[in-house]
Each structure stands twice: as structure tokens, then as C-alpha cells.
Peer 1: 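Got a structure for you, written out below as C-alpha cells; questions coming shortly.
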Amino acid sequence: MAESLAPPLPLDGPEIAEARELDGRERRRSGNRTRARDRMMDRASRDYPESDALRGVRGVENLVLFIDDDLRETGMALGHVEAYLVEILRMLESPRLKREDVHALASDVRVLDHVDMLVENLETLRRRLTKLATSLR
């Protein structure tokens, strides 16, 4: 599947200069991330604010960790499906549409595995959210 279709970022400008840290190495800017996928992935490795409602409930820490895992796995499955759709779009916009390329994408069953994973993760996520809802007052 496609890695990234976004145009490369320029290597100069105020945004990049602001993102440079420590010993002149270029690093991605940390802090408040706006992309939902980035925030979901960050919850595995960064501290995040705990809501007041969750702070008052005993025994939900592990459940919230499982919900975080479900969010990440669902986001990754969704990303794979999106990449497949982008590949189709790229092919349709190609100046030379070839039968073999269309057939290859049409017969690629990996996307079905990702859709199955997406549905399974969403079902698990909803079940865990229901359990969390019953724990809240």
C-alpha cells in the first residue's frame, strides 16, 4: 500500500526552524497534536490528561488502556483501507490506465482483511465503551 501521498515539506521556513531542537537535529515538533491519528498513537507513549470523571472511578485504568489499544488498532486498520482507496484514486487519475493495474487492485484481498479487522476492532471498542459507561456515575 502507499506510504504517504502528501508532498514533501519544505526544509526551511518558520515552522521547520521552530521544530529544530537539541544539537541542531531536526525533529518533529512535540506538544499539542491536532491530527486525531497522531493523538491516538501518542497515548501509548505519552502522558495524557485524565478526565475528572475517570479519576473518581476505581478499577477502570486497565479498561482505559484496552480502549486506547482499540483506538490505535482501529485507526491503523482504517489507514490501510484509506491507503487502498488512495491507490484506486491514483490509478484512476493516471494518464495511462492499464487493465492489469485495475485487475490487480480489484483482486487485492488484503483490503478485505483490513475491513474485517476494522469491524472487529470497532465491535470490541463499542463493547468496552459500554462497560466503561456502566462504571461511570
Peer 1: For the hydrophobic clusters of this structure (ILVMFWY residues joined by side-chain heavy atoms under 4.5 Å, transitively), does one cluster hold both Val111 and Val102?
Peer 2: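 Cluster IDs for Val111 and Val102 match.
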Peer 1: May I ask you to say whether Arg72 pairs ionically with Asp69, meaning some side-chain N is under 4.0 Å from a carboxylate O?
Peer 2: yes
Peer 1: Can you name the side-chain hydrogen bond (donor to acceptor under 3.5 Å, both in side chains) partners of Arg128, sequence neighbours left out?
Peer 2: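 Partners of Arg128 under the side-chain hydrogen bond (donor to acceptor under 3.5 Å, both in side chains) test: Asp70.
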Peer 1: Within this structure, what is the CG-CD1 distance for the pair Asn62 and Ile67, rounded to the nearest 0.5 Å?
Peer 2: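 Spacing of CG (Asn62) from CD1 (Ile67) equals 11.0 Å.
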Peer 1: Under a 3.5 Å distance rule, please check whether Thr74 uses its side chain to pair with a backbone N or O of Leu71 as donor and acceptor.
Peer 2: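 The answer is no, because no donor-acceptor pair under 3.5 Å joins these two groups.
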Peer 1: Can Leu125 be reached from Leu136 by stepping across I, L, V, M, F, W or Y side chains whose heavy atoms are under 4.5 Å apart?
Peer 2: yes
Peer 1: Rounded to the nearest 0.5 Å, what's the gap from CD on Glu73 to CG on Asp68? Could you check?
Peer 2: 11.0 Å
Peer 1: Of the non-hydrogen atoms in Ser135 and Val60, which two are nearest, and what is the gap between them?
Peer 2: CB-CG1, 3.8 Å
Peer 1: Would you compute the distance between atom CG of Leu132 and atom OG1 of Thr134 and round it to the nearest 0.5 angstrom?
Peer 2: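 Answer for the CG-OG1 pair, Leu132 versus Thr134, is 7.5 Å.
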Peer 1: How close do Ala77 and His114 get, counting heavy atoms only, and between which atoms?
Peer 2: CB-O, 3.8 Å
Peer 1: Would you please name every residue forming a side chain to side chain contact (heavy atoms under 4.5 Å, CB included) with Asp101, sequence neighbours left out?
Peer 2: Met91, Lys98
Peer 1: When rounded to the nearest 0.5 angstrom, what distance separates CG in Leu118 from CG in Asp113?
Peer 2: 12.5 Å
Peer 1: What is the minimum heavy-atom distance between Tyr84 and Leu105, and which atoms define it?
Peer 2: OH-O, 2.6 Å
Peer 1: Could I get the full list of side chain to side chain contact (heavy atoms under 4.5 Å, CB included) partners for Leu92, not counting sequence neighbours?
Peer 2: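 Scan of Leu92 (side chain to side chain contact (heavy atoms under 4.5 Å, CB included), adjacent residues dropped) gives Ile88.
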